[in-house]
Amino acid sequence: MTAAGRPTPLVPSPLVDTVFDLDALLEPEEIVWARAARAFATNRILPTIEDDFEEKHFRAELIPELGAAGFLGMHLTGYGCAGAGAVSYGLVCLELEAADSGWRTFVSVQGSLAMSAIHKYGSAEQKQRWLPGMAAGQLVGCFALTEPTGGSDPAAMATTATRGADGWVIEGAKRWIGLASIADVAIVWAQTDAGVRGFLVPTDSIGFTAIPIGKKLSMRASIQCDVHLDAVQVPFDAILPGAAGLSGPFGCLNEARFGIVWGAMGAARSCLDAAILRAKTREVFGKPIGATQLIQAKLADMLVEYEKGVLLALHLGRLKERGTLTPTQISIGKLNSVREAIQIAREARVILGGDGITSEFPVMRHLANLESVRTYEGTDEIHQLVLGRALTGLNAFS
Ligand code: TGC
């Protein structure tokens with residue numbers, strides 16, 4: 001039992017791993033990263049996650065621990081970052097999201113979005129100012145792209161940055177911005193007279209406010225905010241010199257979407273684990289439901305989709321390590337992983353019966369979280385249309 005009197009949450013079981021033998025396809029250092037992340041998830045996240053989810057509590061004290069473990073910006077080089085391979089990063093995302101999507105989201109927002117933006121597009125001074133502290137988990141970043149009118153069409157961005165006498169003046173609003181209320185710096189994307197540009201905005205700037213969005217039934221153990229930028233002034237050198245146009249933020253979204261390809265499979269694995277364990281103990285009509293053909297067929301189909309999803313993630317990871325991974329290929333992975341993870345979670349919920357809607361099992365929490373993951377970083381429909389355009393050469397977005 002936990003201190004709060006709950007049953008000890010399920011730890012990732014070796015059942016799925018044993019059948020799959022993913023390790024056979026991994027390099028030794030990749031297995032080390034995966035085990036480290038699984039240990040972190042098991043020891044530091046799982047013991048409290050059900051209570052944190054219920055109480056809408058983000059456990060910020062874990063951030064320096066994630067930094068010490070090397071998980072923050074781990075695929076970046078220099079500035080205290082681990083310089084790990086894409087597959088290692090993906091495996092860490094999988095293991096963290098097996099505990100809760102909120103913690104994989106934290107690592108994504110910090111490492112793939114905020115740190116990547118600075119690493120890809122920042123000046124030498126900007127990198128030195130922010131990256132070492134962010135890698136260590138001493139500083140937190142957020143990525144302010146999405147606006148209240150919707151996230152699918154960043155080209156319709158209404159936030160503006162104009163040149164004033166002493167620097168840039170930023171005006172506008174952003175929504176669904178992860179970590180903004182605890183962040184030290186925001187990467188704010190805004191329209192300028194030269195198109196979309198990114199700005200490093202310290203969150204203690206006058207006119208910057210971040211208000212956590214309260215009525216969430218998903219991602220309750222993490223923070224997403226409304227951000228208001230009321231004539232926020234930043235110096236001229238707050239602009240990211242290397243990013244011009246929407247390809248700037250999209251370059252970061254590619255990194256985060258890649259993490260989701262792996263992470264969603266972690267949530268799926270936890271749901272499959274829960275379903276296998278419960279199927280062996282839940283008795284209906286005088287025998288464990290796991291001994292029936294109907295349930296075994298469901299479990300088999302769930303396992304097949306999990307394995308296919310992880311193998312696709314691994315394929316994309318190997319392409320990324322070769323430097324040939326394309327945004328279209330990432331869209332295939334994001335679409336498939338989240339869609340199939342939701343399907344696996346739904347089947348697990350069915351197998352658990354009424355237990356499936358309680359927090360004694362992680363399934364409903366994962367299912368609720370995955371609805372957010374399905375929506376952010378490009379909805380299913382956005383990725384379908386990216387793929388449709390790639391296949392036909394015809395643009396169906398507008
Ligand atoms: P278009 O407007 O024509 O193109 C703009 C420029 O961007 C380039 N581009 C990409 N570059 C790199 N990677 C990608 N994936 C790219 N996609 C587009 C494009 O080549 C062009 O470059 P240039 O140099 O010619 O100007 O846009 P498009 O027609 O290519 O794309 C349309 C569409 C719908 C695919 C795109 O707008 C899109 O991906 N929309 C979805 C955006 C999205 O994912 N929003 C959710 C973000 S989630 C979030 O912000 C929350 S962060 C998490 C948190 O804080 O918790």
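Numbers for residues simply follow the sequence, beginning at 1. All ligand and atom numbering here is 1-based and tracks the order in the structure.
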Between [X] and ligand 1, is there a nitrogen or oxygen pair with a distance under 3.5 Å?
| X | value |
| --- | --- |
| Ser152 | yes |
| Asp153 | no |
| Gln224 | no |
| Leu113 | no |
| Gly151 | yes |
| Gly178 | yes |
| Arg257 | yes |

Using 4.0 Å as the upper bound for N to carboxylate O, is an ion pair formed by [Y] and [X]?
| X | Y | value |
| --- | --- | --- |
| Arg339 | Glu305 | no |
| Glu65 | Arg44 | yes |
| Asp52 | Arg365 | no |
| Asp355 | Arg278 | yes |

Could you check [atom] against the protein and tell me its nearest heavy-atom contact, residue, atom and distance included?
| atom | value |
| --- | --- |
| atom 48 (S) of ligand 1 | Glu377 N, 3.3 Å |
| atom 5 (C) of ligand 1 | Leu246 CB, 3.7 Å |
| atom 31 (O) of ligand 1 | Arg389 NH2, 4.0 Å |
| atom 33 (C) of ligand 1 | Phe397 CZ, 4.2 Å |

Quick one: do Val140 and Phe40 end up in the same hydrophobic cluster if we chain Ile, Leu, Val, Met, Phe, Trp and Tyr together by side-chain heavy atoms under 4.5 Å apart?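 Yes, one cluster joins them.
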
For residues Phe258 and Leu22: do they belong to one hydrophobic cluster (side chain heavy atoms under 4.5 Å, members Ile, Leu, Val, Met, Phe, Trp, Tyr)?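 Phe258 clusters together with Leu22.
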
Relative to the ring of Trp33, is the ring of Phe71 parallel (under 30°), tilted (30 to 60°) or perpendicular (over 60°)?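 Rings of Phe71 and Trp33: tilted, as their planes differ by 30° to 60°.
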
Name the orientation class of the two ring planes belonging to His75 and Tyr89 (parallel below 30°, tilted from 30 to 60°, perpendicular beyond 60°).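 Because their plane-to-plane angle is under 30°, the rings of His75 and Tyr89 count as parallel.
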
Report yes or no: does Ser247 have a heavy atom closer than 4.0 Å to ligand 1?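 Checking ligand 1 against Ser247, which is what was asked, there is a heavy-atom contact under 4.0 Å.
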
Can you figure out which of Phe250, Phe106, Phe143 has its heavy atom closest to atom 9 (N) of ligand 1?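 Looking at heavy atoms only, Phe250 sits closest to atom 9 (N) of ligand 1.
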
For atom 49 (C) of ligand 1, which of Ile187, Leu179, Thr328, Thr146 has the closest heavy atom?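 Looking at heavy atoms only, Thr146 sits closest to atom 49 (C) of ligand 1.
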
Subset of ligand 1 atoms that lie under 4.0 Å from at least one heavy atom of Pro327: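 This gives 13 (N), 14 (C), 15 (N) as the contact atoms.
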
Give the atoms of ligand 1, by number and element, whose distance to some non-hydrogen atom of Leu253 is under 4.0 Å.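 Taking each heavy atom of Leu253 in turn, ligand 1 has 43 (C), 44 (O) under 4.0 Å.
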
Under the 4.0 Å line, does any protein heavy atom show up next to [atom]?
| atom | value |
| --- | --- |
| atom 23 (P) of ligand 1 | no |
| atom 37 (O) of ligand 1 | yes |
| atom 17 (N) of ligand 1 | yes |
| atom 14 (C) of ligand 1 | yes |

Region of [X] that comes within reach of ligand 1 [heavy atoms, distance under 4.0 Å]:
| X | value |
| --- | --- |
| Val109 | side chain |
| Leu385 | neither |
| Trp176 | backbone |
| Glu147 | neither |

Return yes if some donor-acceptor pair links the side-chain N/O of [X] with the main-chain N/O of [Y] below 3.5 Å, else return no.
| X | Y | value |
| --- | --- | --- |
| Asn336 | Ile332 | no |
| Lys298 | Glu347 | no |
| Ser205 | Pro202 | yes |

Quick check: closest heavy atoms across Ser247 and Ala244, and the distance to 0.1 Å?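 Nearest pair, atom of Ser247 first, then Ala244: OG-O, 3.7 Å.
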
Just checking Trp176 against Phe143, ring centres under 6.0 Å apart?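 Centroid distance Trp176-Phe143: not below 6.0 Å, so no.
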
